[in-house]
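Read the structure below first, then the notes.
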Amino acid sequence: MEEKKLDINSILGFVLIFGILMFMLWQNQPTPEELEAQKKAKQEQVEADKRAKNQEQNKVTTVDDFYTEGAGDSLKLVALKNKLGAFAYSAVQPSAEETVVESDLLALKFSNKGGYLSEVKLKNYVDFKGNPIYIIKDNNASFNINFGTTDSRILNTKDLIFHPTVTKNGGNTVVSMKLKVSESKFLEYRYELKEGDYMMDFAIRSQGLSDVINGSQPINLDWNLKTYRHAKSVSYENRYTEVVFEYEDGKDDYLGQQEETDDVAEDLTYVAFKQHFFTSILLADSPFKTSKLVSKNLVEDEVIDTTYTKAFAVTLPLELSGGEINKSMDWYYGPSDFKILNKYDRNLDEIVPLGWGIFGWINKYLFIPFFAFLGGFLPYGIAIIVMTIAIKLLMSFVQYKQFLSQAKLKILKPELDAIREKYKDNKMKAQQETLALQTKAGASPMAGCMPALIQLPVFYALFQFFPSAFDLRQKSFLWVEDLSSYDTIAKLPFNIPFYGDHVSLFPILASVAIFFYMKLTTGDQIMSQPTQEGMPDMAKMMKYMMYLSPIMMLFFFNNYASGLSLYYFISNVISIGIILVIKNYILDEDKIHAQIQENKKKPKKENRFQKKMAEMMEQAEKQKQLQQKRK
């Protein structure tokens, strides 16, 4: 083992360092003049502290009170300038973390880092658990401008410090968030919050940054939002959660319900991150040229994924004018209520899925005003029943025509069977004679189809109306707590695929009513069908549908809004009543039979369609006979 020895060189080094330190202390000791100056500065500081303490009670708090002067820290300033360039000015004066403002409808928080809304609370609404509705909270949203600078940097506003100022403009609250290069040069987000309004003015503008922002590089505005779950059924809510946007001067579209989807829109004027009953909308006074939109589903398992429904993102290009940004826009955070959105006259009513074409027109100009009228003085459950009764009575003449057509075909069945038996070896001739008899008797099968087609727009419009009716949200009726969600009479200890983990009563009642309605109508349809080859299979299929349709209804609507199931239940009960009244008190088969015989005697003028059909059938028969002769 090597013996440890004292290193003479180390001793000499320590002595030398000690000597140098002592020399520096002696060299830098203050002179009598310096000691006097320090004493005077200390006395001035004490007096300044006393004055500040005396003025504290009358001090007006401004945004500058949140700043800590850092310009004296030269090393920090140099580091910030190396990282942020001209925008180091804002970073060395950090403000408080958040700025809070409220109106009668909204409670807002603005993050001073990034200058964007970090929390949006709707004050007048709660979710299915009774908790406040937050559209933005706990970093589920971001708003960022990505841009290049003239000194070759790429910056993101979400990482930079904005300086807030809160003022009043009449009765409105104005929040100005400025990202400063100096006191006179800045990028500003300006929000103007109005009382009694979910829409706020929003503008992005720059001042004096033409020599800071690099206009030759893209300037992109990125807005992202993960939508919170607010309803009892996350899967049902997610079905109506989607991106809706307007582009090319009034056209509207949506991304759809795929697991992940995207699209590119030209001349975009608004984009809405729509949830079932609440929505976030960014509107522009002048269109964005080319925008990219993305939607991603976040609910893979509704038992596990219970916080968010979808993730939305949009990238919007910003343009410079004279080297500066000047973009006027609006924000909407509020209900997806047709009545509220329609008042803005910005085509925002298209965000509410009321159906396309005639279906949307029926909802907008008939069902929505009528239901609003009924809801003005009736409980909403009773309003649904009254509205259903009114619609069914209005459409009762259609059901009468449909049932009358079935009755005529039922009476003609023996004659139609005789025709098919007579021409069993000539199907074309049998069809011609069948058509001729039905035409003379005024009992065309088309007469039964037309009433059904007339009812279809009403049926589909109501199917769209009830899930979109904001007025039904959290309105109770009988055992139902919320007409906009499913009702529950029993909770299952397990989950049934396509059905759920609960039992809803209204879908059961609606399924029973549909079964008896189909039993009445399908039985008559089977009886009215002429006997021919293949008809037993057709009859079996119609019987299967009589049982299958109620089962499909039971499974499909178990997670749907109970208001929709209530409508179908009442609608089918009324339809059963109308059919029974028509069958037992209005229609007389003897009179119908006599009328058919009278119609046969009258010369029947064929319309253009019937003539065309007869000509086609004759032509087909001739072609068939010609082919047989050639053989």
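Along the sequence shown, residues carry numbers from 1. As a basis for the values below, the full set of heavy atoms in this structure was taken, side chains included, without hydrogen atoms, waters or symmetry mates. Predicted model only: the values in this text are computed from it and were never measured.
With sequence neighbours excluded, no residue forms a side-chain contact (heavy atoms from CB on, under 4.5 Å) with E481. Checked against side-chain hydrogen bond (donor to acceptor under 3.5 Å, both in side chains), W479 has the following partners two or more places apart in sequence or in another chain: D487. In this structure, the side-chain hydrogen bond (donor to acceptor under 3.5 Å, both in side chains) partners of R190, at least two apart in sequence or on a different chain, are E192. The side-chain contact (heavy atoms from CB on, under 4.5 Å) check on S476 picks up nothing, with sequence neighbours excluded. Here Q257 pairs with E242, K310 under the side-chain hydrogen bond (donor to acceptor under 3.5 Å, both in side chains) rule; sequence neighbours left out. The side-chain contact (heavy atoms from CB on, under 4.5 Å) test applied to E246 returns T269, Y270, N347, not counting sequence neighbours. Partners of K194 by side-chain hydrogen bond (donor to acceptor under 3.5 Å, both in side chains), not counting sequence neighbours, listed by chain and number: D201. In this view, L105 and S103, N124, Y198 satisfy the side-chain contact (heavy atoms from CB on, under 4.5 Å) rule, not counting sequence neighbours.
The six-membered or imidazole ring of F367 lies away from that of F466, with a centre-to-centre distance of 6.0 Å or more. Ring centroids of H230 and F278 are separated by less than 6.0 Å, placing the two rings close together. For F470 and Y125, the ring centers are positioned less than 6.0 Å apart. Centroid-to-centroid, the aromatic rings of F143 and Y116 stay 6.0 Å apart or farther.
Applying the salt bridge (Lys or Arg N to Asp or Glu O under 4.0 Å) rule to pairs touching residues 264-287 yields nothing, sequence neighbours excluded. For residues 497-517, the salt bridge (Lys or Arg N to Asp or Glu O under 4.0 Å) pairs, not counting sequence neighbours, are K491-D501. Every pair tested for salt bridge (Lys or Arg N to Asp or Glu O under 4.0 Å) that includes a residue from residues 562-575 fails, sequence neighbours excluded, so the list is empty. Residue pairs meeting the salt bridge (Lys or Arg N to Asp or Glu O under 4.0 Å) criterion with at least one member in residues 354-363: none, sequence neighbours excluded.
Around the NZ atom of K296, the shell of radius 6.0 Å holds no more than 12 heavy atoms that belong to other residues, nucleotides or ligands. Within a 6.0 Å sphere centred on NZ of K292, heavy atoms belonging to other residues, nucleotides or ligands number 12 at most. Around CZ of F516, the count of heavy atoms belonging to other residues, nucleotides or ligands within 6.0 Å does not exceed 12. Crowding of D104 atom CG: a count of heavy atoms from other residues, nucleotides or ligands under 6.0 Å exceeding 12. Shown here is Y344, whose OH atom has more than 12 heavy atoms of other residues, nucleotides or ligands within 6.0 Å. More than 12 heavy atoms of other shown residues, nucleotides or ligands fall within 6.0 angstrom of atom NZ in K123. The 12-atom threshold is exceeded at CD1 of I496, counting heavy atoms of other residues, nucleotides or ligands nearer than 6.0 Å.
I136 and L117 make their closest contact through CG2-O, 3.8 Å (heavy atoms, listed as atom of the first residue, atom of the second, distance). Residues A561 and S484 share a closest heavy-atom pair of CB-O, 3.5 Å. Heavy atoms only, all atoms of each residue included: S565 and A510 are closest at O-CB, 3.8 Å. Taking all atoms of both residues into account, the shortest heavy-atom contact from L564 to P467 is CD2-CG, 4.3 Å. Shortest non-hydrogen contact noted between A461 and N363 is O-ND2, 3.0 Å. Here the shortest heavy-atom pairing between A311 and K226 reads CB-CG, 4.1 Å.
Taking 4.5 Å as the limit, some side-chain heavy atom of L283 sits within range of a side-chain heavy atom of M199. Y499 has its side chain within reach of L554: a pair of non-hydrogen atoms, C-beta onward, lies under 4.5 Å apart. Y254 is not listed as a side-chain neighbour of S295, based on a closest heavy-atom distance of 4.5 Å or more.
Side chains of T309 and T227: a donor on one and an acceptor on the other come within 3.5 Å.
Using a cutoff of 4.0 Å between basic side-chain nitrogens and carboxylate oxygens, K129 and D127 are not scored as salt-bridged. A salt bridge links D349 with K364: at least one charged nitrogen is closer than 4.0 Å to a carboxylate oxygen.
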As a quick check of understanding, evaluate side-chain contact (heavy atoms from CB on, under 4.5 Å) for L268 and L316, giving each step before the final call. CA-CA 9 Å; L268 184 139; L316 306 166; 4.1 Å; yes
Before giving the answer on ring-ring contact (aromatic ring centres under 6.0 Å, His included), spell out for F371 and Y380 the whole-Å C-alpha distance, their side-chain angles and the decisive distance to 0.1 Å. CA-CA 9 Å; F371 190 73; Y380 281 98; 5.8 Å; yes
Report the C-alpha separation of F245 and F288 in whole Å, then their side-chain angles, then the decisive distance to 0.1 Å, and conclude whether the ring-ring contact (aromatic ring centres under 6.0 Å, His included) test is met. CA-CA 12 Å; F245 56 97; F288 294 98; over 10 Å; no
Checking ring-ring contact (aromatic ring centres under 6.0 Å, His included) for the pair F459/Y568: CA distance, chi angles, key distance, verdict? CA-CA 10 Å; F459 175 86; Y568 281 121; 5.6 Å; yes
Mind running side-chain contact (heavy atoms from CB on, under 4.5 Å) on R229 and V299 for me, showing each step along the way? CA-CA 10 Å; R229 172 214 186 161; V299 181; over 6 Å; no
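A cation-pi arrangement, defined by a distance under 6.0 Å to the six-membered ring centre and an angle within 45 degrees of its axis, is present between K232 and Y486.
The CD1 atom of I578 sits 9.0 Å away from the OH atom of Y517 when rounded to the nearest 0.5 Å. For the atom pair CD1 of I576 and OG of S571, the computed distance is 10.0 Å after rounding to the nearest 0.5 Å.
Screening I351, V271, V244, D330 for a side-chain contact (heavy atoms from CB on, under 4.5 Å) involving I281 leaves a single residue, I351.
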